[in-house]
Amino acid sequence: MATTYNTLTLKRGKEESLERFHPWVFSGALAGVPGDVEEGDTVRVVASDGRLIGVGHYQIGSIAVRMLDFGDTVIDDAFYAQRLDQAFALRRALGLQRADNDTFRLVHGEGDFLPGLVIDVYGDTAVLQAHSPGMHFARNIIARALTEIDSLGVKNVFYKSETTLPYKADLDPVDDYIIGAFHTNVSTENGLKFNIDWLRGQKTGFFVDQRDNRSLLQHYAKGRKVLNMFCYTGGFSVYALRGGAVNVDSVDSSAKAISLTDANVKLNFGENVANHRSFAEDAFKFLDNMDDGAYDLIVLDPPAFAKHRSAIRNALRGYQRLNAKAMAKAAPGTVLFTFSCSQAVSREQFRLAVFSAAAQTGRRVRILHQLTQPADHPVNIYHPEGEYLKGLVLYIE
Ligand code: SAH
């Protein structure tokens, strides 16, 4: 059956990247937009000679169409159900659904061929986040399809898109359950328990993307004095404690984050954990005031310093300053985990900022690991923009 969607025609020559399966049509590539096309509509995209390119969700903005499929495909309930099945099949292949692990990303936008959609699973609750009007309109279909994947075990679907949808689209999304209701917010990652605050927390409530890096940190923790800077929910702190750290200090400027961290330490290790302390303080201030050599395992996982391309220069200066401060006071033999989650900052740029920090301090620094996002945040090879998390593990003498 041929689709009856409205058709958007590309300017001449603008089909090249789409023919290489890049999933975005920029507004400048369109010859025009018919008056009856509305934001969130599914549209057909054709080349200037009328050749069909595929179908996608239209929106107003610099990315005008997010491609859902490169064919004359009907975007209906069965389409979403099938894409979700495929996403879950990958997570099962990755071994992420186990008795000791029920926390994982089920859908990572373009990386799962569902641009504009993010779904994180926390036990029997899924948190669904739309980044495009098209996915906003499809939210109920997607939620129902989620609960129908048998072995996934999702019973509650919380929709959390108040801050992720284009403000101008005037969609007035409400963060709330669209299926089920609050049941429990404790989920398990590699045998550790976490309170997930999907109501008020950042992203979907948890930084699922640091799971593998937290595990790696655990291996270095034995006998070390740990500083977890920008701790948020205390993920790295809890892994460090399990790994046998001598002591762990968690720092975040948000008092809310500190109380989440304290709650997660308590959830795993009980009431009085003598070797954990937490500080609601600014990172730069804390680093300025800390003693030389106080720590020999340090995590720096700041928020995205560059949210847009225009902010890259300042972001790089920020990464350099932050890393230089930590390196200058690191004890000899320190292992430093340093990250950037700014999509606009490239792996090379980040490494150069960290290099500049090292050079500034004059310490002997070696790279032990080069880290990235885990496999449940896959990167569509035709959409390199999907790679955003960058990390270096350094050995500082
Ligand atoms: N490492 C965390 C995620 C960090 S998110 C994890 O694994 O889950 C970034 C955190 O940095 C947020 O919790 C935010 O409150 C905190 N933050 C932002 N600016 C800060 C600053 N100047 N000093 C300290 N913390 C800051």
Next item on the list: Could you tell me whether the side chains of S237 and S250 share a donor-acceptor contact shorter than 3.5 Å?
Entry: yes
Notebook entry, point to check: Does G13 offer a backbone N or O that forms a donor-acceptor pair with the side chain of E15 under 3.5 Å?
Noted result: yes
Margin query: On a heavy-atom basis, which atom in I53 and which in A47 lie closest, and how many Å separate them?
Written below: CG1-N, 3.8 Å
Note to self: Is it true that D124 and H183 share a donor-acceptor pair across their side chains at a distance under 3.5 Å?
What the structure shows: yes
Next item on the list: May I ask you to check whether W24 and E385 show a side-chain donor-acceptor distance below 3.5 Å?
Entry: no
Checklist line | Partner of V251 under side chain to side chain contact (heavy atoms under 4.5 Å, CB included), chosen from K285, M229, R277, M290 | finding: M229
Notebook entry, point to check: Side-chain contact, heavy-atom cut-off 4.5 Å: R66 with Q59?
Noted result: yes
Margin query: Does Y177 have more than 12 heavy atoms from other residues, nucleotides or ligands lying within 6.0 Å of its OH?
Written below: yes
Next item on the list: Tell me yes or no: between the side chains of Y295 and D249, is some donor less than 3.5 Å from an acceptor?
Entry: yes
Check: Looking just at side-chain N and O atoms, do W198 and Y159 make a donor-acceptor pair shorter than 3.5 Å?
Finding: no
Check: Of the non-hydrogen atoms in F339 and N213, which two are nearest, and what is the gap between them?
Finding: CE2-ND2, 3.5 Å
Checklist line | Exceeds 12 heavy-atom contacts within 6.0 angstrom, atom NZ of K325 | finding: yes
Next item on the list: Would you confirm whether D76, through its side chain, and F79, through its main-chain N or O, come within 3.5 Å as a donor-acceptor pair?
Entry: yes
Note to self: Test side chain to side chain donor-acceptor pair (under 3.5 Å) on R92 and S151; report intermediate values, then the result.
What the structure shows: CA-CA 10 Å; R92 282 170 62 135; S151 38; 2.6 Å; yes
Notebook entry, point to check: Between K225 (side chain) and A245 (backbone), is there a donor-acceptor pair under 3.5 Å?
Noted result: no
Margin query: Does either side chain, that of Y58 or that of T42, offer a donor lying less than 3.5 Å from an acceptor on the other one?
Written below: no
Next item on the list: Look at the side chain of D41 and the backbone N and O of E38, then say whether any donor-acceptor pair between them is shorter than 3.5 Å.
Entry: yes
Next item on the list: Kindly say whether L68 contributes a backbone atom to a donor-acceptor pair with the side chain of R83 at under 3.5 angstrom?
Entry: yes
Item checked: Side chains of N190 and S215, donor plus acceptor under 3.5 Å -> yes
Notebook entry, point to check: Considering all heavy atoms of both residues, which atom of A328 and which atom of D292 are nearest to each other, and what is their separation?
Noted result: O-OD1, 3.8 Å
Checklist line | Y319-T338 side chain donor-acceptor pair, cut-off 3.5 Å | finding: no
Next item on the list: Take R51 and E19, measure what salt bridge (Lys or Arg N to Asp or Glu O under 4.0 Å) needs, and give me the verdict at the end.
Entry: CA-CA 11 Å; R51 239 171 341 114; E19 283 177 332; 2.5 Å; yes
Checklist line | Modelled atom types, side-chain donor and acceptor of Q373 and E387, under 3.5 Å | finding: no
Check: Does D197 offer a backbone N or O that forms a donor-acceptor pair with the side chain of N185 under 3.5 Å?
Finding: no
Check: Under the 6.0 Å and 45° cation-pi test, does R242 pair with Y239?
Finding: yes
Margin query: Is it the case that over 12 heavy atoms from other parts of the model lie below 6.0 angstrom from the CG atom of D150?
Written below: no
Check: Would the number of heavy atoms belonging to other residues, nucleotides or ligands and lying under 6.0 Å from NZ of K155 be above 12?
Finding: no
Next item on the list: Report the distance from atom CZ of F337 to atom CG of L394, rounding to the nearest 0.5 Å.
Entry: 10.0 Å
Next item on the list: Report yes or no: does S132 contribute a side-chain atom to a donor-acceptor pair with the main-chain N or O of M135 at less than 3.5 Å?
Entry: yes
Margin query: Just by distance, no angles: are the side chains of Y232 and Q210 close enough, under 3.5 Å, to form a donor-acceptor pair?
Written below: no
Check: So, do Y220 and H369 have ring centers that fall under 6.0 Å from each other?
Finding: yes
Notebook entry, point to check: Should the heavy atoms of other residues, nucleotides or ligands under 6.0 Å from NZ of K11 be counted, would the total exceed 12?
Noted result: yes
Next item on the list: Kindly give the heavy-atom pair with the smallest separation between D296 and A331, and that separation in Å.
Entry: CB-CB, 4.1 Å
Check: Salt-bridged, R91 to D112, with N to O below 4.0 Å?
Finding: yes
Notebook entry, point to check: So, are K266 and E271 salt-bridged, with charged N and O less than 4.0 Å apart?
Noted result: yes
Check: Within 45° of the axis and under 6.0 Å from the centre of the six-membered ring of F284, does NZ or CZ of R321 qualify?
Finding: yes
Next item on the list: May I ask you to check whether S187 and T103 show a side-chain donor-acceptor distance below 3.5 Å?
Entry: yes
Item checked: Whether over 12 other heavy atoms sit under 6.0 Å from R139 CZ -> yes
Check: Within the side chain of S253, is there an N or O that forms a donor-acceptor pair under 3.5 Å with the backbone of D282?
Finding: no
Notebook entry, point to check: Which pair of non-hydrogen atoms, one from A145 and one from L84, has the smallest distance, and what is that distance?
Noted result: CB-CD1, 3.6 Å
Margin query: With side chain to side chain contact (heavy atoms under 4.5 Å, CB included) as the test, pick out the partner of D376 among V107, L90, D212, L96.
Written below: L96
Check: Any idea which heavy atoms bring T361 and A324 closest together, and the distance?
Finding: CG2-O, 3.5 Å
Next item on the list: Can you measure from CG (L287) to CG (L322) and round to the nearest 0.5 angstrom?
Entry: 6.0 Å
Check: Can you name the residues that form a side-chain hydrogen bond (donor to acceptor under 3.5 Å, both in side chains) with Y395, not counting sequence neighbours?
Finding: none
Item checked: Over 12 non-hydrogen atoms of neighbours within 6.0 angstrom of CZ in F355 -> no
Item checked: Residues N264 and T233: side-chain donor-acceptor under 3.5 angstrom -> no
Notebook entry, point to check: Side chains of T334 and E397: closer than 4.5 Å at any heavy-atom pair?
Noted result: no
Item checked: Distance-only side-chain donor-acceptor flag, T7 / R44, under 3.5 Å -> yes
Item checked: Heavy-atom neighbours of K256 NZ exceed 12 at 6.0 Å -> yes
